[in-house]
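Shown next, in structure tokens, is the structure this report addresses.
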Amino acid sequence: MARAISTRRKTVTTVVAWLVALIIFFPILYTIITSFKTEPEAIAGISLIPSGTFENYIEVQAQRDYFRPFLNSVVISLGSTLIALLISVPAAWSMAFSPARRTKDILMWMLSTKMMPAVGVLVPMYLIFRDTGLLDTRTGLTIVLTLVNLPIVVWMLYTYFREIPGEILEAARMDGASTLKEIVYVLTPMAVPGIASTMLLNIILAWNESFWTIRLSAANAAPLTAFIASFSSPQGLFWAKLSAASTLAIAPILIMGWFSQKQLVRGLTFGAVK
């Protein structure tokens with residue numbers, strides 16, 4: 001029998017949740033507000049009342065072409081996500097349903113690669129990209145972002161696949177399904193929430209990646225993270241223009257996250273005890 005929860009406790013919990021959400025979202029909100037201020041207003045101090053000017057957006061578009069880095073971000077994020085899924089789905093299937101003696105060691109090793117500072121491999125990666133002609137190309141950035149996010153994708157899919165009863169896959173094998181058909185027609189449809197949330201999370205991580213995209217691109221393949229960084233100049237930081245550039249960069253991923261939040265939450269809680 002479910003335990004009754006008082007109205008007061010519900011109210012307190014709701015208020016606390018909204019406060020936490022506001023604290024987390026406040027930097028983004030303040031960036032959006034600052035983008036509608038003039039430069040003197042932006043540096044004057046904290047104020048939540050913008051002047052309502054669109055001058056910063058006009059100047060940002062006039063100084064830098066927004067649509068080229070936007071297209072680069074879309075291609076790099078979607079490309080790295082699709083490649084990561086093509087690699088991770090069979091890998092997670094084998095680890096979840098045909099584990100070997102060293103499966104857990106391999107998973108821990110993959111996770112340990114995320115603990116290494118990225119700057120530690122910057123020089124060899126730069127030299128490899130320079131010598132192979134991948135420097136400042138969409139292909140190169142897609143490859144590096146795939147490798148960066150691959151451990152997280154494998155771990156998430158492995159967790160989701162572990163919640164699927166193995167008997168269902170055994171039944172498919174008894175009916176004559178090959179390994180490929182088992183993955184495509186049986187496993188994948190059952191893990192759609194987990195795969196969708198993993199895909200969304202990977203797109204967000206790839207979209208927001210700045211370390212590799214800034215250092216391995218110059219002009220041709222520069223995504224929106226490099227677009228934002230280009231507004232930092234030796235003359236100083238122009239906060240209003242920088243906020244406008246940041247707002248333009250985060251707007252697409254913010255809108256996507258807002259409309260897909262139910263699917264994302266459903267996937268992240270896939271297999272949890274209800």
Side-chain angles (χ1 to χ4, degrees), residues 73-118 121 125 139-209 211-213 253 256-257 260-274:
S73 289
V74 171
V75 172
I76 293 167
S77 300
L78 293 180
S80 62
T81 299
L82 291 176
I83 295 174
L85 286 177
L86 289 175
I87 298 172
S88 300
V89 170
W93 169 85
S94 63
M95 293 179 181
F97 299 107
S98 299
R101 189 165 58 92
R102 297 292 184 182
T103 294
K104 291 186 178 180
D105 295 335
I106 294 174
L107 285 169
M108 288 305 301
W109 172 77
M110 294 180 65
L111 189 62
S112 67
T113 61
K114 297 295 296 180
M115 303 175 189
M116 181 179 63
V121 293
M125 286 292 292
T139 303
L141 291 180
T142 300
I143 292 173
V144 74
L145 292 184
T146 299
L147 298 176
V148 167
N149 295 325
L150 193 60
I152 297 177
V153 177
V154 172
W155 260 96
M156 289 186 66
L157 291 180
Y158 170 76
T159 304
Y160 299 139
F161 290 172
R162 290 274 294 178
E163 301 297 328
I164 297 176
E167 292 78 6
I168 297 178
L169 301 183
E170 291 178 2
R173 293 190 202 112
M174 294 179 64
D175 289 339
S178 63
T179 301
L180 180 61
K181 290 184 178 180
E182 178 184 329
I183 295 175
V184 174
Y185 296 110
V186 181
L187 180 65
T188 302
M190 295 182 64
V192 165
I195 294 175
S197 63
T198 302
M199 182 180 68
L200 291 172
L201 182 61
N202 192 82
I203 291 175
I204 293 172
L205 292 175
W207 190 279
N208 294 331
E209 175 61 42
F211 181 85
W212 292 109
T213 54
I253 204 71
M256 186 196 75
S260 61
Q261 57 181 318
K262 290 184 178 180
Q263 183 66 36
L264 186 60
V265 171
R266 182 187 175 193
L268 291 175
T269 56
F270 183 75
V273 178
K274 301 296 188 290

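Just so it is clear, the structure is predicted and the values come from calculations on it, not from any experiment.
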Residue list, side-chain hydrogen bond (donor to acceptor under 3.5 Å, both in side chains) with Arg102, at least two apart or on another chain
Asp105
Sequence neighbours left out, what passes side-chain contact (heavy atoms from CB on, under 4.5 Å) with Ala172? Give chain and number order.
Ala177, Val186
Yes or no on side-chain contact (heavy atoms from CB on, under 4.5 Å) for Glu209 and Leu141, after CA distance, side-chain angles and deciding distance?
CA-CA 10 Å; Glu209 175 61 42; Leu141 291 180; over 6 Å; no
Between Ala92 and Val154, which heavy-atom pair has the shortest distance, and what is it?
CB-O, 4.1 Å
So Phe97 and Trp93, would you call those rings parallel, tilted or perpendicular, with 30° and 60° as cut-offs?
tilted
Shortest non-hydrogen contact from Thr142 to Gly79?
CG2-C, 3.6 Å
Would you list the pairs meeting side-chain hydrogen bond (donor to acceptor under 3.5 Å, both in side chains) in which at least one residue belongs to residues 106-116, sequence neighbours left out?
none
Can you confirm whether Ile253 sits close enough to Ile203 that some side-chain heavy atom of one is under 4.5 Å from a side-chain heavy atom of the other?
yes
What's the shortest heavy-atom distance between Met95 and Tyr158, and which atoms?
O-CE1, 3.5 Å
Decide if atom CZ of Phe211 counts as having more than 12 heavy atoms of other residues, nucleotides or ligands within a radius under 6.0 Å.
yes
Salt bridge (charged side-chain N to carboxylate O under 4.0 Å, His left out) filter on Glu182, not counting sequence neighbours, yields Arg173
Thr159 OG1 to Leu107 CG distance, which is reported to the nearest 0.5 Å
8.5 Å
Sorted by chain and residue number, the side-chain hydrogen bond (donor to acceptor under 3.5 Å, both in side chains) partners of Asn149 (sequence neighbours excluded) come out as none
Scan Val148, Leu145, Thr81, Leu85 and name whichever one has a side chain to side chain contact (heavy atoms under 4.5 Å, CB included) with Asn202.
Thr81
For the student: nearest non-hydrogen atoms of Ala84 and Leu150, plus distance:
O-CD1, 3.8 Å
Can you check side-chain contact (heavy atoms from CB on, under 4.5 Å) on Ile152 and Thr198, steps first, answer last?
CA-CA 9 Å; Ile152 297 177; Thr198 302; over 6 Å; no
Among residues at least two apart in sequence or on other chains, which ones pass side-chain contact (heavy atoms from CB on, under 4.5 Å) with Leu86?
none
In chain order, what residues pass the side-chain hydrogen bond (donor to acceptor under 3.5 Å, both in side chains) check against Ser80, with sequence neighbours excluded?
none
For Val184, what residues pass the side-chain contact (heavy atoms from CB on, under 4.5 Å) criterion, not counting sequence neighbours?
Leu180
If every non-hydrogen atom of Val89 is compared with every non-hydrogen atom of Phe161, which pair is closest and at what distance?
O-CE1, 3.6 Å
By side-chain contact (heavy atoms from CB on, under 4.5 Å), Leu82 pairs with (sequence neighbours left out) none
Might you point out which heavy atoms bring Gly194 and Leu157 nearest each other, and give the distance in Å?
O-CD2, 4.4 Å
Partners of Ser77 by side-chain hydrogen bond (donor to acceptor under 3.5 Å, both in side chains), sequence neighbours excluded?
none
Would the distance check show the side chain of Trp207 and the main-chain N or O of Ser73 forming a donor-acceptor pair, the cut-off being under 3.5 Å?
no
Look up atom CG in Leu187 and atom CD1 in Ile168, then write down how far apart they are to the nearest 0.5 Å.
10.0 Å
